[in-house]
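Have a look at the structure below, then the notes.
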Amino acid sequence: MGGTLAEKVWDAHIVRRGSDGAPDLLYIDLHLVHEVTSPQAFEGLRLAGRPVRRPDLTIATEDHNTPTLDIDRPIADLTSRTQIQTLRNNAVEFGIRLHSLGDADQGIVHVVGPQLGLTMPGLTVVCGDSHTSTHGAFGALAFGIGTSEVEHVLATQTLPLSPFKTMAITIDGALRPGTTAKDIILAVIAKIGTGGGQGYVLEYRGEAIRALSMEARMTICNMSIEAGARAGMIAPDATTAEYLKGRPHAPEGVDWDEALAYWSTLKSDDDAVFDAEVVLDAGDLEPFVTWGTNPGQGLPLSANVPIPAEIADPGDRATAERAIEYMALTPGTPLRDIAVDTVFIGSCTNGRIEDLRAVAAVIEGKHKADTLRVLVVPGSARVRLQAEAEGLDQIFLDFGAEWRNAGCSMCLGMNPDQLAPGERSASTSNRNFEGRQGKGGRTHLVSPLVAAATAIRGTLSSLADLPSPAGAHARTPVTNL
Amino acid sequence: MEKFSQHTGVGVPLRRSNVDTDQIIPAVYLKRVTRTGFEDALFAAWRGDPEFVLNQPAYATGSVLVAGPDFGTGSSREHAVWALKDYGFKVVISARFADIFRGNSGKQGLLAATCAPEDIELIWKILETTPGTAVTVDLESRTVTCDDVVVAFQIDDYTRWRLMEGLDDIGLTLNHADEITAFEATRAAWRPRTLPAKHLASVEIEAARPVR
Ligand code: SF4
């Protein structure tokens, strides 16, 4: 019997196989660090007198707390400043490479790893952040860990782990214009639920996935955690190799050839058996938006806010009632009629250059609705520079949007970019939990295209709602997103 | 880590499903750099509501949280576990836990006990009818006792053993340092290293222009 992609990567990293129910000890190829989940781990090392075993497999950036304005001035929020200063001190003390605010490679840790060419097929990648699943888009086994595990990896470059189950998620067909990778993953989560992936590594496959760009694949794997799975993977192919070639840390010469040969073996064998399988057709998908307070509470944009009385299961009914109350929605309202105050474009889900290009293509030459503010926050400083080189920043500014510096920003509101109580956003990020974007804030998760259309019309909208044919004036074709 | 074999304490019924880690501890509290002192942050948004279960005097000394399914979903923040511990919880019972939360609990000596949904319903009823009822959780026999109800809970053997022995993972792993070194010797040359750092051409960074 053949193996799945996840099993192959797992097996290649076993330092010591566990017996009698003990976990396997797995080697970690790449450890990403940021300021929020690391201070207590470094403190633990210091107390125990332990060094970092492999500083050369570790890299840190500042992202969650960093302001997106006035980055050349000291950070105004004292606790944020302390936390960032703590990371800087720890990086010096333990010899860790750190990309600080103001550095071209600073940015959201899940944007920086791939852009430097550090994320590649067949690796084990961990970070004290649940969206580490993003890196699975390259065919790496990548997952989020807690602070105790961060300390464990720093000290030993390994983790004791019990094997995951595997789930194949096959997306057949082709996306229709106006739909994107974000709509695929929101539809997957709505289908299997926020707990549906628990205990599994998800492998996304099928025609629609193969057709996606690397960045779009990252959007999909990023939100695997929202389905409860710790990791999502996509088998590497020519698209993966092309994305990596020439990046600063991509292998070169004979190493590149050796890597390519190995990567070509990284796919689930035809006779591999998955513990569960899900199939969707991309051609059936419409733009998807969430109406509730968990990412599984999503519907096609053409639908209405659910009517709890019509929900049979009492638990689900109570959950829906509570979500609708928090979101201040009226059951039965068309989702298209929901007006928002803020449009947030950014995050490790949709803050890469292709996302910004797609938004720019839709809004070019237009002005935002007067009733809302639009925040465009590139995922990394490098993404920002690229966008500026292409003139996208001017399109955003002409549109009336704010063009910010890189970081997590309003995805979780640890920096000053937050929703005010009661404010409503359409957000390209990944979590619509109560208060996620600011205390009392209300979040609707959307794709970059829906965010752009919503910014123009003021209510949740898709390209089809715009007066001129979608993308008619596009400076860049919206493909593969 | 302290050894854990049995705990008895007031049970707190939290009749909510999908309690994500943003609810357990909102992001604003994550800016601290210490590992303790998070008790004020636990369920911070909900504690403003006088009706919230932890605000009711009968549950004030609670140490066994009995929650709905899918507890601890979302962010990987271990702060969620620290906040529960700092507040005084020793055990969380749910029909289903998010993987990362369950892992973090095990590392920190907070027992995450998985019970059948119907058993949780039974316990909720007792705790709600007689607030302040004690719950006994026995790791040896894997049972939860609440008044006259005794139900089984699940936990994997390895975590149970570690909790009962009070063992620290890093110490256990470092016993195998030679095997790690041997594995490292086989690492293929194409696999990346972060040092020495390689970059694209360096660029002067100026702050982006906001709309004023
Ligand atoms: S952008 Fe949001 S989801 Fe991604 S790492 Fe930052 S806070 Fe987490």
Side-chain angles (χ1 to χ4, degrees), chain A residues 15-16 21-23 27 29 36 39-40 55-59 69 71-72 79-80 83 86 97 102 104 118 120 128-130 144-148 152 155-156 158 160 194-195 198-199 230 248-249 251 255 258-259 294 315 319 381 384-385 397 402-405 412-414 431 433-436, chain B residues 16-18 20 22-23 26-28 30-35 45 68-70 73-79 81 96 98-100 103-104 107-108 156-158 169-170 172-174 176-177 179-180 183-184 188-195 197-200 202-203 205-211:
Chain A
V15 172
R16 184 190 164 81
Y27 198 76
D29 281 311
V36 180
Q40 295 86 357
D56 62 333
L57 303 184
T58 311
I59 184 168
L69 289 175
I71 59 167
D72 37 4
T79 43
S80 289
Q83 196 166 60
T86 305
R97 171 177 176 189
L118 284 166
M120 49 182 89
D129 189 281
S130 58
I145 56 180
T147 298
S148 293
H152 193 284
T156 71
T158 63
T194 50
Q198 254 168 46
R230 276 179 85 172
H249 282 276
D255 289 344
E258 195 195 318
N294 75 53
T319 308
R384 200 194 108 208
L385 294 169
L397 292 169
E402 298 179 45
W403 175 240
R404 297 293 187 91
N405 294 286
L412 91 166
M414 268 187 92
R431 285 189 175 140
F433 298 152
E434 292 180 20
R436 167 83 177 178
Chain B
R16 293 188 197 213
S17 58
N18 257 303
D20 57 71
D22 276 80
Q23 304 315 317
V28 286
L30 308 189
K31 295 182 184 181
R32 300 175 185 169
V33 295
T34 55
R35 210 184 261 252
D70 293 318
T73 52
S75 144
S76 65
R77 56 188 72 158
E78 196 162 307
H79 309 67
V81 174
R96 197 157 60 175
D99 288 333
I100 302 182
N104 288 342
K107 310 275 178 209
Q108 287 294 318
D156 68 272
D157 293 340
Y158 182 73
D169 258 350
I170 298 181
L172 284 173
T173 298
L174 286 176
H176 306 298
E179 285 159 87
I180 301 174
F183 185 92
E184 284 174 330
W190 62 265
R191 290 185 188 264
R193 286 166 197 267
T194 57
L195 297 172
K198 298 184 200 166
H199 301 274
L200 293 167
S202 75
V203 239
I205 295 272
E206 280 171 37
R209 294 153 290 162
V211 168

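Quick note: numbers below take in every heavy atom, side chains included, and nothing from hydrogens, waters or symmetry partners. Each chain gets a letter, A, B and so on, in the order its sequence line appears, and its residues count up from 1.
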Region of B:His176 in contact with chain A, defined by heavy-atom distances below 4.5 Å: side chain
Proximal component of B:Arg32, with respect to chain A [non-hydrogen, under 4.5 Å]: backbone
Contacting moiety of A:Thr319, where chain B heavy atoms sit under 4.5 Å: side chain
Proximal component of A:Arg431, with respect to chain B [non-hydrogen, under 4.5 Å]: side chain
Portion of B:Asp169 that has a non-hydrogen atom of chain A nearer than 4.5 angstrom: both
Heavy-atom closest contact (A:Gln83 atom, B:Val33 atom, distance): CA-CG1, 3.9 Å
Nearest non-hydrogen partners of A:His249 and B:Thr194, listed with the distance: CE1-O, 3.9 Å
Atom group of A:Asn294 that falls short of 4.5 Å from chain B, counting heavy atoms: side chain
Closest-packed option against chain A by number of heavy-atom pairs under 4.5 Å, given B:Leu174, B:Asp22, B:Asp157, B:Thr73: B:Asp22
Side chain, backbone, both or neither of A:Leu385 within contact of chain B (heavy atoms, under 4.5 Å): side chain
Partner chain A: residue of B:Leu172, B:Asn18, B:Val81, B:Asp156 with the largest heavy-atom pair count (under 4.5 Å): B:Asn18
Taking every non-hydrogen atom, the tightest pair across A:Gly146 and B:Asn104: CA-OD1, 3.1 Å
Side chain / backbone / both / neither for A:Met414 at chain B, heavy atoms under 4.5 Å: both
Part of A:Thr156 lying under 4.5 Å from any heavy atom of chain B: both
